[in-house]
There are 2 protein chains.
Amino acid sequence: MSAFSTAIASGRKRRGEGHTRREEILQAAKELFLEEGYESTTIRRIADRVGISAPALYLYFRDKEDLLLALCDQTFTHLVDAIDEIERTIEDPLERIRRFGDAYARFGITHPDEYRLVFLSGNIPEAIRKLGHRQATDDPDRPGVKGAIVFGRLVAILAQAEASGLKLNYPPDTCAELCWMAVHGLVAALILKPDFPWSDRDVLINGMLDIHVKGIVRSE
Amino acid sequence: MSAFSTAIASGRKRRGEGHTRREEILQAAKELFLEEGYESTTIRRIADRVGISAPALYLYFRDKEDLLLALCDQTFTHLVDAIDEIERTIEDPLERIRRFGDAYARFGITHPDEYRLVFLSGNIPEAIRKLGHRQATDDPDRPGVKGAIVFGRLVAILAQAEASGLKLNYPPDTCAELCWMAVHGLVAALILKPDFPWSDRDVLINGMLDIHVKGIVRSE
DNA sequence: TTGGTAAGTTAACGATGTTAATCTAAGTGT
DNA sequence: ACACTTAGATTAACATCGTTAACTTACCAA
């Protein structure tokens, strides 16, 4: 209670804070997210931690989903960075695909809450529709779009691989969808049923990548 | 209001209804589930449709999850039946695996709400723990267990295939996990992002099965 | 007739996301 | 120096949710 009231009392430095508040809220939400899990992350708890009232959050975020998605994008940026790194350093197309899948899977397993929110909860299209026509579909800062960007990267890598002479068994988009779905299924399973006696993680990841790299490139 | 009160008035045939009530509730829940979607399926709405008060549901189901899982098991029985049929009629191990995957994928796509509840929401182990020690883990009537049964069937089919001479690249459980995860990812993607411009469904399903059947059996 | 019991009711609790109405303090124009 | 606007927050409240507590009713058996 004292921490709360002092936060209120000391939080009244009005000038220029409008800038910072949004980041403060995201930071607090992230902490709670990690500390107490997604389930307990309620609007009021986030507001408490920031030191403001719950309705104040609605000055910065349209609704809870908007907040959470913004938070996810922040995290997903790290995955995009990792993909950038791979594209910059790896030349061989097949190895690129492998590394992509590996990075993707490990990112998902390491950030289960964010992964759930972006790839495992109700359709993002609906969420976008709910947000209204506020922004065009290609706005790179719209929350939730980082997930689509990651998938787009895979399509690009595969198209590029095909362009550089690799023979694929399906069109690049279809290949991307198949690969993504499979690795996505792996991540989803490990996240949603963590107590199930799965085989060794590395075996599963490597196995899945083996199977799909083999299954997608024409071998004759 | 009139429909409600008449339902109440005529619903007071007390004798022997205790037997029927549970099924009535499940039926009403199922209808609402299909009519208005999972989101709008609230305890009070289900109770309204049955013509009883909301707390009365707790005489037949421990909590909402218990009800929903019971409902899911009812639906999943159809998938188990389909698997029975496959095991009874198909001899060739590879074809069995294929048909299993096909049946599984199409079942998931056809029953998205139940699929979400069983395979796409928080871990079942937690749910089971929440239900208490009411029943042992191998009770075939415990709600939610049908999902695990389906997976168990796949393991059995693969082990059987190996026993009949087929060479696998991984242990049967690992093979089952890989196959299941991939098809699960496919179903999950189609369910959760229905508006995404995916490739043709049949192409995806067949492609995924091709890739995994090829990737799992040793070819040399 | 008298209990006892199974089935159901109403009232209420605590939480949740969210909205409406209001207040306040800082900046701005005159 | 004084009035006005406005961004940023507040308190109060709403509707809804799952769920529990306490009470009522109808039936059956002794």
Side-chain angles (χ1 to χ4, degrees), chain A residues 4-25 28-29 32 36-71 117 121-122 126-127 130-132, chain B residues 1 4-25 28-29 32-33 36-71 117 121-122 126-127 130-132:
Chain A
F4 178 76
S5 53
T6 55
I8 289 265
S10 69
R12 287 288 175 74
K13 9 161 191 171
R14 272 325 189 0
R15 193 65 254 133
E17 284 251 316
H19 253 151
T20 326
R21 272 287 182 270
R22 193 169 205 276
E23 311 278 328
E24 280 183 59
I25 295 171
L32 276 172
E36 320 207 24
Y38 175 58
E39 311 246 310
S40 313
T41 301
T42 160
I43 291 276
R44 285 176 172 83
R45 286 173 89 86
I46 298 170
D48 273 6
R49 173 154 306 199
V50 180
I52 58 179
S53 65
L57 289 187
Y58 290 83
L59 297 176
Y60 303 94
F61 300 94
R62 169 162 298 226
D63 54 19
K64 193 189 180 188
E65 193 165 22
D66 190 26
L67 199 176
L68 262 9
L69 284 180
L71 190 60
L117 222 56
S121 43
E126 183 189 353
K130 215 174 85 184
L131 291 176
Chain B
M1 191 191 82
F4 179 76
S5 53
T6 56
I8 290 264
S10 69
R12 288 286 176 73
K13 8 162 192 173
R14 270 331 188 350
R15 194 65 257 133
E17 285 251 316
H19 253 150
T20 326
R21 273 286 184 271
R22 193 170 206 274
E23 312 277 329
E24 280 182 57
I25 294 171
L32 276 171
F33 219 54
E36 320 207 22
Y38 175 59
E39 311 246 310
S40 314
T41 302
T42 157
I43 291 276
R44 286 177 172 84
R45 286 173 88 87
I46 298 171
D48 272 7
R49 172 153 307 200
V50 180
I52 58 178
S53 66
L57 289 188
Y58 290 83
L59 297 177
Y60 303 94
F61 300 94
R62 169 163 298 227
D63 53 18
K64 192 190 180 185
E65 194 165 22
D66 190 26
L67 199 176
L68 262 8
L69 284 180
L71 190 60
L117 221 55
S121 43
E126 183 189 354
K130 213 173 84 185
L131 291 176

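Order of the sequence lines fixes the chain letters, A, B, ..., with proteins taken first and strands second; residue numbering starts at 1 for each chain.
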Listed nucleotide nearest any side-chain atom of A/Ile52, set C/dG8, C/dT18, D/dT10: D/dT10
task: Enter the distance from B/Leu57:CG to B/Arg44:CZ here, rounded to the nearest 0.5 Å.
output: 10.5 Å
task: Of all the heavy-atom pairs spanning B/Arg45 and B/Ser40, show the shortest one and how long it is.
output: CD-O, 2.8 Å
statement: Between CD of A/Glu65 and P of C/dT16 the distance, given in whole Å, is 18 Å
- prompt: Which whole-number value in Å describes the distance from A/Phe61 CZ to C/dT18 P?
  reply: 13 Å
- prompt: How many angstroms lie between OH in A/Tyr60 and CG in A/Asp66, if you round to the nearest 0.5 Å?
  reply: 14.0 Å
- line: B/Leu59 atom CG is separated from D/dC23 atom C1', nearest whole Å, by 14 Å
message: Using the rule side-chain contact (heavy atoms from CB on, under 4.5 Å), only one of B/Ile43, B/Leu69, B/Ile46 pairs with B/Lys64; which is it?
response: B/Ile43
- prompt: Looking at side-chain heavy atoms only, is the closest gap between B/Leu71 and B/Leu117 below 4.5 Å?
  reply: no
- request: Would you kindly give the CG-to-C1' distance between A/Leu68 and C/dT18, to the nearest whole Å?
  value: 16 Å
Whole-Å distance separating the CG atom of B/Leu57 from the P atom of D/dT20: 13 Å
- prompt: Given atom CD of B/Glu23 and atom P of C/dA7, what is their separation to the nearest angstrom?
  reply: 14 Å
Contacts under 3.5 Å, N or O only, protein and nucleotides 13-18 of chain D:
{"unit_1": "D/dG18", "atom_1": "OP1", "unit_2": "B/Lys64", "atom_2": "NZ", "d": "3.0"}
{"unit_1": "D/dG18", "atom_1": "OP2", "unit_2": "B/Thr42", "atom_2": "OG1", "d": "2.4"}
{"unit_1": "D/dG18", "atom_1": "OP2", "unit_2": "B/Ile43", "atom_2": "N", "d": "3.0"}
{"unit_1": "D/dG18", "atom_1": "N7", "unit_2": "B/Arg44", "atom_2": "NH1", "d": "2.8"}
{"unit_1": "D/dG18", "atom_1": "O6", "unit_2": "B/Arg44", "atom_2": "NH2", "d": "2.9"}

query: Looking at the side chain of A/Pro55, which of D/dT11, C/dA7, D/dT19 is the nearest nucleotide?
result: D/dT11
field: Validation row: A/Arg21, A/Ile52 side chains within 4.5 angstrom (heavy atoms)
entry: yes
- prompt: What nucleotide, of D/dT11, D/dA9, C/dG8, holds the atom closest to the side chain of A/Tyr60?
  reply: D/dA9
field: Residue closer to the 5' end of DNA chain C, A/Ala54 versus B/Ala54 (nearest nucleotide)
entry: B/Ala54
